[in-house]
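Structure first, commentary second.
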Amino acid sequence: MNPVQHPVVRIQQLGDYVDQTVTLRGWLYHKTGKGKLNFLQIRDGSGICQAVVLRGNVSDETFEQVKALTQESSLAVTGVVKAESRAPGVPGGFELDVRAVTVYQIADPYPITPKEHGVEFLMQNRHLWLRSSRQWAALRVRAVIVRAIRDWLDSHGFLNVDTPILTPAAAEGTTTLFSIDYHGEPAYLAQTGQLYNEANIFAFGKVYCFGPTFRAEKSKTRRHLQEFWMVEPEIAFCDLEGLMEIEEQFVSYIVQRCLADCGPELAILERDTTHLQRVSPPFPRIHYDEAVAMINRAAAAGELVPGYPDPVPAIEWGDDFGSPHETYLAAQFDKPVFVHHYPTQVKAFYMEPEADRPEVCRSVDLLAPEGYGEIIGGSERMSDPEKLIAAIARHQLPQSVYEWYIDLRRYGSVVHSGFGLGVERTVAWICGLDHVRETIAFPRTLTNLRP
RNA sequence: UCCUCGGUAGCUCAAUCGGCAGAGCAUCCGGCUGUUAACCGGACGGUUGUUGGUUCGAGUCCAACCCGGGGAGCCA
């Protein structure tokens with residue numbers, strides 16, 4: 001029996017071929033032998049299918065070949081698709097009653113077994129780990145999230161205008177940047193496209209940039225990468241309140257799209273989706289003042305940070321929140337929560353101070369539930385050129401470097417706002433992963449540059 | 001940078017008071033017609049992160065260093 005005589009199908013489509021003879025091409029994910037009966041779990045990138053090889057249904061030569069297959073051997077199997085409730089797989093419920101097998105390669109002993117492994121080992125073998133079902137599922141959800149991001153923005157009047165990755169200076173003074181040699185001149189890998197986005201809205205009205213950003217922070221936590229992807233929408237004629245409305249529509253769409261399109265993937269990840277199903281506008285909004293009061297009430301009562309053995313630390317008005325504060329705040333709500341009007345002094349120079357209360361600014365962070373932390377940071381931008389020049393001076397930044405940015409306020413300034421959404425944290429939240437390293441194919445963490 | 005936990009077979013781990021370094025998985029051989037991380041029998045597998053020290057004797061105790069995990073700060 002020649003495999004090429006039958007349609008070559010992907011496992012995802014198997015349900016359309018019940019009782020037909022087809023060929024699958026892929027890799028052996030797992031094998032259990034029962035004497036004259038062998039069960040092969042075959043991956044092809046689109047799903048996992050159980051193939052049943054019974055001695056007598058295939059040639060003796062083929063049967064011996066199957067017994068010799070190792071994990072991750074590449075092969076093609078031809079047989080009849082059967083609806084079979086006992087069959088595991090993605091999608092489950094179908095199996096292939098095998099009649100012929102073509103082995104492309106017998107794989108060397110595969111280092112990643114179905115048993116447990118440590119993080120260090122898995123990261124050293126990331127190029128192979130990607131094949132494991134949980135990693136496969138998370139990266140497929142990531143792809144859907146990216147698609148949802150673009151679909152929502154593209155269909156709501158935003159133009160994708162990407163911004164440079166090689167930049168001459170820091171957008172926000174404090175963060176550590178990766179520096180490179182730009183033909184003898186120091187340059188840096190971008191940590192945000194925001195300033196360029198602000199130029200772009202004066203040409204296009206509503207824009208977004210979407211790409212990798214770089215932070216050379218010595219951060220070694222489940223929420224941090226050195227290289228991560230961020231989508232940054234920026235909107236002309238939009239104030240803080242308008243911004244929050246856009247953010248909650250946008251995030252809700254992303255979540256609902258994943259629930260609709262990623263059922264099998266979320267099942268593999270064993271994600272409890274009850275929290276996610278509640279994600280719809282409006283999201284709760286709390287003022288920084290109120291957040292400080294909530295934290296200090298919890299601190300006084302000796303409450304613990306959810307998920308940690310430590311008590312909620314008290315905070316003084318004017319300080320930025322630490323991770324334990326954000327974790328505590330987010331846990332008080334069952335939806336993402338907006339925290340707005342942070343103190344001006346802890347935020348970036350370009351954020352618009354509140355007119356009748358300049359010690360707070362028109363900024364807003366969105367905190368994800370279940371301990372996933374800040375997934376969005378955004379603000380209304382300063383639109384008056386004189387106030388912007390003063391803010392640049394107050395932050396001891398060189399005005400000459402920002403002349404082009406000040407120009408944006410000299411030639412038709414308007415109220416405008418924007419935000420940045422971190423893709424990896426969003427993926428971690430929606431997938432219920434405990435570390436962002438599993439949300440991107442080749443994560444760059446503090447200690448992982450290779451593979 | 002700081003705090004904290006760890007490093008023993010390819011992988012995941014065990015080793016009592018300082019006294020012969022041991023299991024499971026993977027791999028190889030044999031058995032099994034419904035397996036779901038199958039199961040049963042056998043084989044193979046070790047410079048205990050590195051260097052130095054204490055001791056009759058160190059995986060175990062001491063010191064320094066290297067590597068990794070989690071967290072703080074900072075951030076998305």
Side-chain angles (χ1 to χ4, degrees), chain A residues 29-41 48 50-57 63 67-68 70-72 82 84-89 92 95 97 106-125 128 132-133 172-177 191-192 194 212-232 305 307-310 313 319-327 346-348 365-368 372-378 419-429 434-437 439 445-448:
Chain A
Y29 193 51
H30 190 58
K31 181 182 75 173
T32 54
K34 286 279 295 180
K36 295 185 175 61
L37 183 62
N38 276 286
F39 298 96
L40 311 180
Q41 309 297 329
I48 300 175
Q50 172 159 283
V52 182
V53 184
L54 179 61
R55 184 172 203 122
N57 281 354
F63 191 78
K67 277 170 63 176
T70 55
Q71 190 182 351
E72 290 302 319
K82 296 278 178 66
E84 168 58 74
S85 60
R86 289 175 294 184
E95 66 182 20
D97 189 5
I106 298 288
D108 286 352
Y110 191 66
I112 301 180
T113 70
K115 295 279 183 176
E116 289 171 33
H117 297 286
V119 169
E120 184 179 10
F121 175 78
L122 289 170
M123 286 302 292
Q124 283 167 357
N125 290 283
L128 304 177
S132 300
S133 61
E172 304 167 20
T174 54
T175 316
T176 319
L177 302 175
Q191 58 168 346
T192 171
Q194 185 211 310
T213 56
F214 307 88
R215 305 275 168 96
E217 295 160 357
K218 302 284 187 203
S219 296
K220 203 171 55 163
T221 82
R222 72 185 74 207
R223 299 180 306 279
H224 289 88
L225 294 171
Q226 304 289 291
E227 174 184 313
F228 66 96
W229 283 64
M230 188 157 67
V231 58
E232 295 179 273
V305 180
Y308 295 85
D310 311 310
D319 287 345
D320 204 356
F321 299 136
S323 296
H325 300 130
E326 285 185 356
T327 303
V346 302
K347 287 292 180 180
D365 286 354
L366 184 67
L367 308 181
Y372 286 95
E374 183 184 345
I375 54 170
I376 288 182
F419 66 93
L421 174 129
V423 170
E424 287 74 16
R425 286 187 184 174
T426 303
V427 176
W429 166 46
D434 62 11
H435 201 297
V436 289
R437 68 175 152 245
T439 66
T445 67
L446 188 59
T447 52
N448 275 290

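When reading the values below, keep in mind they use all heavy atoms of this one structure, side chains included, and skip hydrogens, waters and symmetry mates. On a predicted model such as this, the values are computed, not experimentally measured, just so you know.
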In whole angstrom, what separates A/Glu326's CD from B/C75's P? 10 Å
Would you indicate what A/Glu95 reaches in the nucleic acid, counting non-hydrogen atoms under 4.0 angstrom: base, sugar-phosphate, or nothing? base
Assign A/Asn57 to base, sugar-phosphate, or nothing according to its heavy-atom contacts below 4.0 angstrom with the strands shown. nothing
Which is true for A/Asp310 with a 4.0 Å heavy-atom rule: it touches a base, it touches only sugar-phosphate, or it touches nothing? nothing
NA contact type, A/Phe121, heavy-atom cut-off 4.0 Å: base, sugar-phosphate, or nothing? sugar-phosphate
Categorize A/Gly322 for me: base, sugar-phosphate, or nothing, with a 4.0 angstrom heavy-atom threshold over every strand shown. sugar-phosphate
So what does A/Ile375 hit on the nucleic acid, given a heavy-atom distance under 4.0 Å: a base, only sugar-phosphate, or nothing? sugar-phosphate
In whole Å, what is the span from the CD atom of A/Glu424 to the C1' atom of B/C75? 13 Å
Would you classify A/Ser323 as touching base, sugar-phosphate or nothing, given that sugar-phosphate means primed atoms plus P, OP1 and OP2, and contacts are heavy atoms under 4.0 Å? base
Any side-chain N or O of A/Asn448 below 4.0 angstrom from OP1/OP2 of B/C67? no
Between A/Ala87 and A/Asp434, which is nearer to the 5' end of RNA chain B once each is assigned its nearest nucleotide? A/Ala87
Using atom types as modelled and distance alone, determine if a side-chain donor or acceptor of A/Thr70 lies under 3.5 Å from a backbone N or O of A/Ala107. yes
When you check the phosphate oxygens OP1 and OP2 of B/A37, does a side-chain N or O of A/Thr113 lie under 4.0 Å from one of them? no
Determine whether any donor atom in the side chain of A/Lys115 lies under 3.5 Å from an acceptor atom in the base of B/G24, or the reverse, and answer yes or no. no
I'd like the P distance from B/A9 over to B/G46, given in whole Å. 10 Å
Just to verify, what does A/Arg223 make a salt bridge (Lys or Arg N to Asp or Glu O under 4.0 Å) with, not counting sequence neighbours? none
Would you mind classifying the nucleic acid contact of A/Pro88 as base, sugar-phosphate or nothing, using non-hydrogen atoms under 4.0 angstrom? base
Minimum-distance nucleotide to A/Thr447 side chain [options: B/G73, B/U33, B/G68]: B/G68
Rounded to whole Å, CZ of A/Arg222 lies from C1' of B/C75 at a distance of 16 Å
Give A/Lys220 one of three labels, base, sugar-phosphate or nothing, depending on what nucleic acid heavy atoms sit under 4.0 Å from its own. base
Which string of ( ) [ ] | and . matches RNA chain B, if you list each base 5' to 3' and count Watson-Crick or G-U pairs only when both distances are under 3.5 Å? (((((((..((((.....[..)))).(((((.......))))).....(((((..]....))))))))))))....
Residue-phosphate contact under 4.0 Å: A/Lys34 side-chain N/O, B/C32 OP1/OP2: no
Classify A/Arg223 by what it touches in the nucleic acid, base, sugar-phosphate, or nothing, heavy-atom distance under 4.0 Å. base
Phosphate contact (B/C25 OP1 or OP2) by A/His117 side-chain N/O below 4.0 Å: no
Check this one for me: any side-chain N or O of A/Arg55 less than 4.0 Å away from OP1 or OP2 of B/C32? no
Check each of A/Val436, A/Ile375, A/Thr439 against A/Trp429 using the side-chain contact (heavy atoms from CB on, under 4.5 Å) test, and report the only one that passes. A/Ile375
Nearest to the side chain of A/Phe228, which nucleotide is it out of B/A76, B/C67, B/U35? B/A76
Any idea which of B/G34, B/G70, B/G68 is nearest the A/Arg86 side chain? B/G34
Select base, sugar-phosphate, or nothing to describe what A/Ile376 touches, counting heavy atoms under 4.0 Å on all strands. sugar-phosphate
Donor + acceptor pair across side chains of A/Thr192, A/Glu232 (<3.5 Å): yes
Decide, for B/C20, between syn and anti: a glycosidic angle within 90° of 0 counts as syn, anything else as anti. anti
Using a 4.0 Å heavy-atom cut-off, does A/Gln50 contact any base of the nucleic acid, only the sugar-phosphate backbone, or nothing at all? base
Check every strand shown and say whether A/Ser219 touches a base, only sugar-phosphate, or nothing at a heavy-atom separation below 4.0 Å. base
